[in-house]
Every structure is written in C-alpha cells, then in structure tokens.
Amino acid sequence: MTKIWRETGFVENDPWVIETDEVKASGQQKPLLGLDELIAKADESNDVGLGVLIKPADDVRRLEPYLSRLDIVAVAFPAFNDGRAFSHASLLRQRLGYTNELRAVGDVLIDQVPLMQRVGIDSFAVSNATALKRLSENRLPAIPHHYQPAVRDAEAGKGYSWRRQAKPAA
C-alpha cells in the first residue's frame with residue numbers, strides 16, 4: 001500500500017493518481033500525466049491545476065513553459081541505483097524556479113528521504129514497509145555534514161568544509 005508522506009506527516013485522501021492500464025483517475029482523483037501527454041493537453045487547452053510524472057529519461061526542461069499551470073510534479077525513482085530524479089528535482093527548483101509540490105514516486109527508501117529533501121522534494125509516495133514504519137515514528141536518518149550547497153541548507157551551522165579558510169599565521 002502506497003502512502004503519501006510530507007514533513008508534517010502522512011496525507012489522507014491525496015487526489016493524485018498515476019494512471020496505468022488497470023488504474024484510472026475517477027471521481028475527485030486527478031491523473032499524473034506523462035510528459036508528452038501533459039504538453040499535448042496544455043497546448044490544446046488553458047487548464048490549470050495539472051500534474052505530471054517525469055520519468056528518468058525525460059527532459060525536464062521541456063516543462064518550463066507550463067510550470068505555472070502545474071500543481072504537482074512527480075519524479076520517478078524506478079530503482080535504488082537510478083538517481084536521475086535527483087537531477088530533475090534540482091533543475092526544477094534551482095534553475096526553473098518551480099515552487100509547487102514536488103513528489104518522489106517509485107522506489108522511495110528511508111535512507112534517501114533526507115537527500116531527496118535537500119534537492120527540493122517535499123512529498124513522497126512511500127510503499128516500502130521499513131520506510132513507512134520509520135516515517136510513522138518520525139525517525140529520519142541524520143546526515144550531519146553536507147559538502148555541497150542544495151535547495152535546503154544544512155541544519156548545523158550552514159557551512160561547508162570546502163569553504164573553510166586557513167587561520168592567519170601568527
């Protein structure tokens with residue numbers, strides 16, 4: 001069972017659905033469209049409040065003209081060893097200026113949640129049993145030191161080791 005988690009806790013009645021051959025959005029649900037499908041729909045209508053699912057091979061820069069019309073962008077993590085969605089999230093937040101909901105979907109593991117948050121992901125579709133348990137207990141793994149800047153600053157001191165300055169000679 002997949003649950004949606006944000007820093008404030010689990011979300012009840014999330015309207016967004018990734019459509020498949022077996023699952024279709026119905027009633028109050030809204031579909032997360034594929035990139036090409038979203039662009040086609042946006043070009044032929046003035047709809048707002050849309051959602052899109054970005055797969056690893058998609059070019060996220062193609063979303064730029066449509067970002068103001070999106071309520072959510074979901075980035076897919078199909079496997080533990082496929083980190084392209086980290087780059088997609090970072091591009092959306094830092095270069096394209098996307099400010100609405102950014103969701104991780106797919107293989108969302110507890111160890112990666114803090115790293116996903118650092119690149120700007122703010123909601124998570126979680127189905128992994130260990131991750132669900134730890135998130136329900138509010139037990140995120142700690143990453144005390146970061147070596148590069150990101151969308152979210154490091155908690156402790158907001159400093160970076162590579163920016164240290166040598167002490168002046170006495």
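Residues I54 and L63 are in side-chain contact: their nearest non-hydrogen atoms beyond the backbone lie under 4.5 Å apart. Side-chain contact between V105 and T2: absent, with no pair of heavy atoms (C-beta onward) separated by less than 4.5 Å. Between R61 and R95 the shortest side-chain heavy-atom distance does not fall below 4.5 Å. Here the side chains of I4 and R103 are in contact, with some heavy-atom distance below 4.5 Å.
Crowding of R62 atom CZ: a count of heavy atoms from other residues, nucleotides or ligands under 6.0 Å exceeding 12. Atom CG of D59 sits in a crowded spot, with more than 12 heavy atoms from other residues, nucleotides or ligands closer than 6.0 Å. Within a 6.0 Å sphere centred on CZ of F80, other residues, nucleotides and ligands contribute 12 heavy atoms or fewer.
Remark: the backbone N or O of R139 is paired with a side-chain donor or acceptor of R134 at under 3.5 angstrom. Formation of a donor-acceptor pair under 3.5 Å by the D82 side chain with backbone atoms of F77 is not found in this model. The backbone N or O of V48 lies less than 3.5 Å from no partner atom in the side chain of N46, so there is not a single donor-acceptor pair. When atom types are taken as modelled, the side chain of N128 and the backbone of I110 share no donor-acceptor pair closer than 3.5 angstrom. Distance alone, capped at 3.5 Å, is enough to place a donor-acceptor pair between the D58 side chain and the K55 backbone. Between the side chain of E19 and the backbone N or O of A25 there is at least one donor-acceptor pair closer than 3.5 Å. No side-chain donor-acceptor contact under 3.5 Å links R93 to the backbone of V119.
Shown here for M116 and A104, the closest heavy-atom pair between the two residues is SD-CB, 3.8 Å. Residues Q112 and D107 approach most closely at OE1-O, 3.8 Å, considering heavy atoms. Considering every non-hydrogen atom in both D122 and R6, the closest pair reads O-CG, 3.7 Å. Considering every non-hydrogen atom in both L53 and A76, the closest pair reads CD1-CB, 4.2 Å. The heavy-atom pair separating L102 from I121 by the smallest distance is O-CG2, 3.4 Å. Y66 and A42 get closest at one heavy-atom pair: CD2-CB, 3.4 Å.
Note: F124 and W5 have tilted aromatic rings, judged against thresholds of 30 and 60 degrees for the angle between ring planes.
V126 is not connected to I18 by any chain of hydrophobic side-chain contacts under 4.5 Å among Ile, Leu, Val, Met, Phe, Trp and Tyr, and they are in different clusters. Taken together through direct or relayed side-chain contacts under 4.5 Å among Ile, Leu, Val, Met, Phe, Trp and Tyr, L115 and V75 form part of one hydrophobic cluster. Note: the hydrophobic cluster containing L91 does not contain I72 (ILVMFWY, side chain heavy atoms under 4.5 Å, direct or indirect links). Under the 4.5 Å side-chain heavy-atom criterion for grouping Ile, Leu, Val, Met, Phe, Trp and Tyr, V113 is not connected to V11 through any hydrophobic cluster. No single ILVMFWY cluster, assembled from side-chain heavy atoms under 4.5 Å apart, contains both L109 and F86.
For the atom pair L140 CG and Q117 CD, the distance stands at 6.0 Å (nearest 0.5 Å). Separation of atoms CG (N13) and CD (Q29) is listed at 10.0 Å; rounding is to 0.5 Å. From N100, atom CG reaches atom CG of L50 across 11.5 Å, with rounding to the nearest 0.5 Å. Rounding to the nearest 0.5 Å places CZ of R69 at 6.5 Å from CG of D47.
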Please step through salt bridge (Lys or Arg N to Asp or Glu O under 4.0 Å) for the pair E137 and K133, ending with a clear verdict.
CA-CA 6 Å; E137 297 167 350; K133 182 178 187 307; 2.7 Å; yes
Output, in order, the C-alpha distance, side-chain angles, deciding distance and verdict of side chain to side chain contact (heavy atoms under 4.5 Å, CB included) for L38 and L70.
CA-CA 10 Å; L38 171 92; L70 298 175; 3.6 Å; yes
